[in-house]
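Scroll down for the structure; my scribbles are underneath it.
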Amino acid sequence: MKKSLLIFCFLLPISLAFSQEKTAMEGEKTKVYTVMGKSWMVTKYEDGTKMYEWEISEEDYQNHVKKGHSRFETNFVEPELGINLWPIDKGAPEVKPWGSWYFAMNSTGTWKPSRNFRLKSALGVSWYNFKFEDTDLIAVKTPDGLEFQEFTEGVGTKSKISASYVNLTLVPSIQTNDGNLRFGVGAYAGLRIGGRGKFVYDDADGDQTKLYEKSNMYVDNFRYGLRSEIGVGDVTLFFNYDLNDLFQPGRGPELQAMSFGILFTD
C-alpha cells in the first residue's frame, strides 16, 4: 500500500504536466474516485498519461454527462464463469462442484442516471452442467420420467446432464461515488434451447466408452429467478437462484438450481 502511494505521488505531477497539452476528445477512459468526502476525476489517454480534476460534485458529474459522456454504456461480450449446485436430499444425486460449470456469454447495456445508481440489462446464452459425485450413476430418460440408475456394465468415470438457455436479465444496483463498491439485486428469465445427458465408463478391457442422450432430459423449458451482484474494484461476483423447479413437473426431482461465480467486465 505504501509503495503504491509513493508511485502515485511520483507519477501525479508528471501526469498533470502532460495533461495540459491534451484535449477532452483524446481521453480514453474517465473515472471518478472519492475518499473521505473528497472527489476527483481521472482521465486516461491513449499514450498512458492521465489528467486529474479535483473536487467533482454531483452537479459537476451531471455536467460531465451533458458534455457528451453518455449515461448509457454497452458491452458486446461479457462472459460469466461459475459453479452450479442443487439441494441434496431432494431425490437427485449429489453434484460435484468442480466440473458442474456454469458459463454464460452476454451482451449488456447499462444506464447510469447518477454516480450512485445504475440499471443493467443483459441478453445472452448460458449453460448448466451438473456433474454427479457418484460416477456409477447414469441419468436415464424413461417414458415415466428421469431415473438415476446404477451402471453395472463397466466402471463409470463421468456422469452429467446439461442444458442451455437464452436469458434476459435486469439488475438495478447502487454504488459508491468512485464505483469501487457495488451491490445489486434483480431478476432473470430464460428459455431452454438445448440439453443432453453424458456418461463415460471403462469396459472390462479398460477401453473408454461415451454414451450420450441428446434430449431435454426432462429439464423444464423455462427458468426464472433472482440474481444478485456484488462488486469490489474490478471484481464482480454473481449469484443466481432459480425460483422454478429445474425439471418438468412429475418428470424429475422437485428442486431449484443455483449458480455463483465471477463476471468478467472491461
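Side-chain contact between Ile161 and Phe247 is present, with at least one heavy-atom pair separated by less than 4.5 Å. Proximity of Val232 to Leu181: side-chain heavy atoms (C-beta onward) are separated by under 4.5 Å at one or more points. Residues Leu226 and Leu243 form a side-chain contact, since some pair of their non-hydrogen atoms from C-beta on lies under 4.5 Å apart. Between Phe130 and Leu246 there is a side-chain heavy-atom pair separated by less than 4.5 Å. Between Glu229 and Leu237, the closest side-chain pair of non-hydrogen atoms is not below 4.5 Å. Counting heavy atoms from C-beta on, the side chains of Asn129 and Lys160 come closer than 4.5 Å. Looking at heavy atoms from C-beta onward, Leu85 lies in side-chain contact with Pro97 at the 4.5 angstrom threshold.
Here CD of Glu133 is found 12.0 Å from CG of Asp136. Values are rounded to the nearest 0.5 Å. Between the OG atom of Ser121 and the CG atom of Leu123 there is a distance of 8.5 Å, given to the nearest 0.5 Å. How far NZ of Lys210 is from NZ of Lys158: 7.0 Å, rounded to the nearest 0.5 Å.
What you find for Thr176 and Asn180 is that their closest heavy atoms are OG1-N, 3.5 Å. Heavy atoms only, all atoms of each residue included: Thr74 and Phe72 are closest at CG2-CE2, 3.4 Å. The two residues Ala92 and Leu255 have their closest heavy-atom pair at CB-CD2, 3.5 Å. Here the closest non-hydrogen pair linking Val219 and Ala163 is CG1-CB, 4.0 Å. Residues Leu81 and Phe238 come closest through the heavy atom pair O-CE2, 4.0 Å.
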Pairs of donor and acceptor atoms involving the side chains of residues 148-157, under 3.5 Å and at least two apart or interchain, shall be tabulated with distances.
residue, atom, partner, partner atom, Å
Gln149, NE2, Glu147, OE1, 2.9
Thr157, OG1, Val200, O, 3.1

Exercise answer: donor-acceptor pairs, residues 100-111 side-chain atoms, under 3.5 Å, sequence neighbours excluded:
residue, atom, partner, partner atom, Å
Ser100, OG, Lys96, O, 2.6
Ser100, OG, Lys131, N, 2.9
Asn106, ND2, Glu80, OE2, 3.2
Ser107, OG, Phe76, O, 2.5
Thr108, OG1, Glu78, OE1, 3.4

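We find that Glu73 and Arg118 are not joined by a salt bridge, their nearest charged nitrogen and carboxylate oxygen being 4.0 Å or further apart. The existence of a salt bridge linking Glu254 and Lys90 is excluded, since no basic side-chain nitrogen approaches an acidic carboxylate oxygen closer than 4.0 Å.
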Dump the intermediate steps for side-chain contact (heavy atoms from CB on, under 4.5 Å) on Leu170 and Leu168, then the final yes or no. CA-CA 7 Å; Leu170 191 66; Leu168 178 63; over 6 Å; no
With side-chain contact (heavy atoms from CB on, under 4.5 Å) as the criterion, how do Tyr212 and Arg196 come out once you've worked through the C-alpha distance, each side chain's angles and the decisive distance to 0.1 Å? CA-CA 7 Å; Tyr212 293 97; Arg196 71 173 186 173; 3.2 Å; yes
Do Tyr201 and Ile138 pass the side-chain contact (heavy atoms from CB on, under 4.5 Å) test, and can you show the C-alpha distance, the side-chain angles, and the key distance before you say yes or no? CA-CA 10 Å; Tyr201 71 95; Ile138 179 173; over 6 Å; no
What verdict does the side-chain contact (heavy atoms from CB on, under 4.5 Å) test give for Thr169 and Arg227, after you've listed the backbone C-alpha separation in whole Å, the side-chain angles of each residue and the deciding distance to 0.1 Å? CA-CA 8 Å; Thr169 305; Arg227 176 183 175 93; 3.7 Å; yes
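Between the side chain of Ser164 and the backbone N or O of Ser126, no donor-acceptor pair lies under 3.5 Å. In this structure, Asp203 contributes its side chain and Asp205 its backbone to a donor-acceptor pair below 3.5 Å.
Heavy atoms of other residues, nucleotides or ligands lying less than 6.0 angstrom from CD1 of Ile88 number 12 at most.
In summary, the side chains of Asn244 and Gln256 do not present any donor paired with an acceptor at a separation below 3.5 Å, with no hydrogens or angles considered. Side chain to side chain, Arg182 and Thr236 meet the donor-acceptor criterion of an N or O pair below 3.5 Å.
Connection of Phe132 to Met258 is established within a shared hydrophobic cluster, with ILVMFWY side chains joined at heavy-atom distances below 4.5 Å, either directly or through further cluster members. Cluster membership check: Tyr241 shares its hydrophobic cluster with Tyr165, using side-chain heavy-atom separations under 4.5 Å among Ile, Leu, Val, Met, Phe, Trp and Tyr. Put simply, Phe117 and Phe183 are part of two different groups of oily side chains (I, L, V, M, F, W, Y) that touch within less than 4.5 Å, one to the next. Linking Ile, Leu, Val, Met, Phe, Trp and Tyr whenever their side-chain heavy atoms come within less than 4.5 Å puts Phe239 and Val95 in one cluster. One hydrophobic cluster, built from ILVMFWY side chains closer than 4.5 Å, cannot hold both Trp127 and Ile83; they sit in different ones.
For residues 217-226, the pairs satisfying side-chain hydrogen bond (donor to acceptor under 3.5 Å, both in side chains) are Tyr128-Arg223, Asn167-Arg223, Arg192-Asn221, Arg223-Asp242, with sequence neighbours left out.
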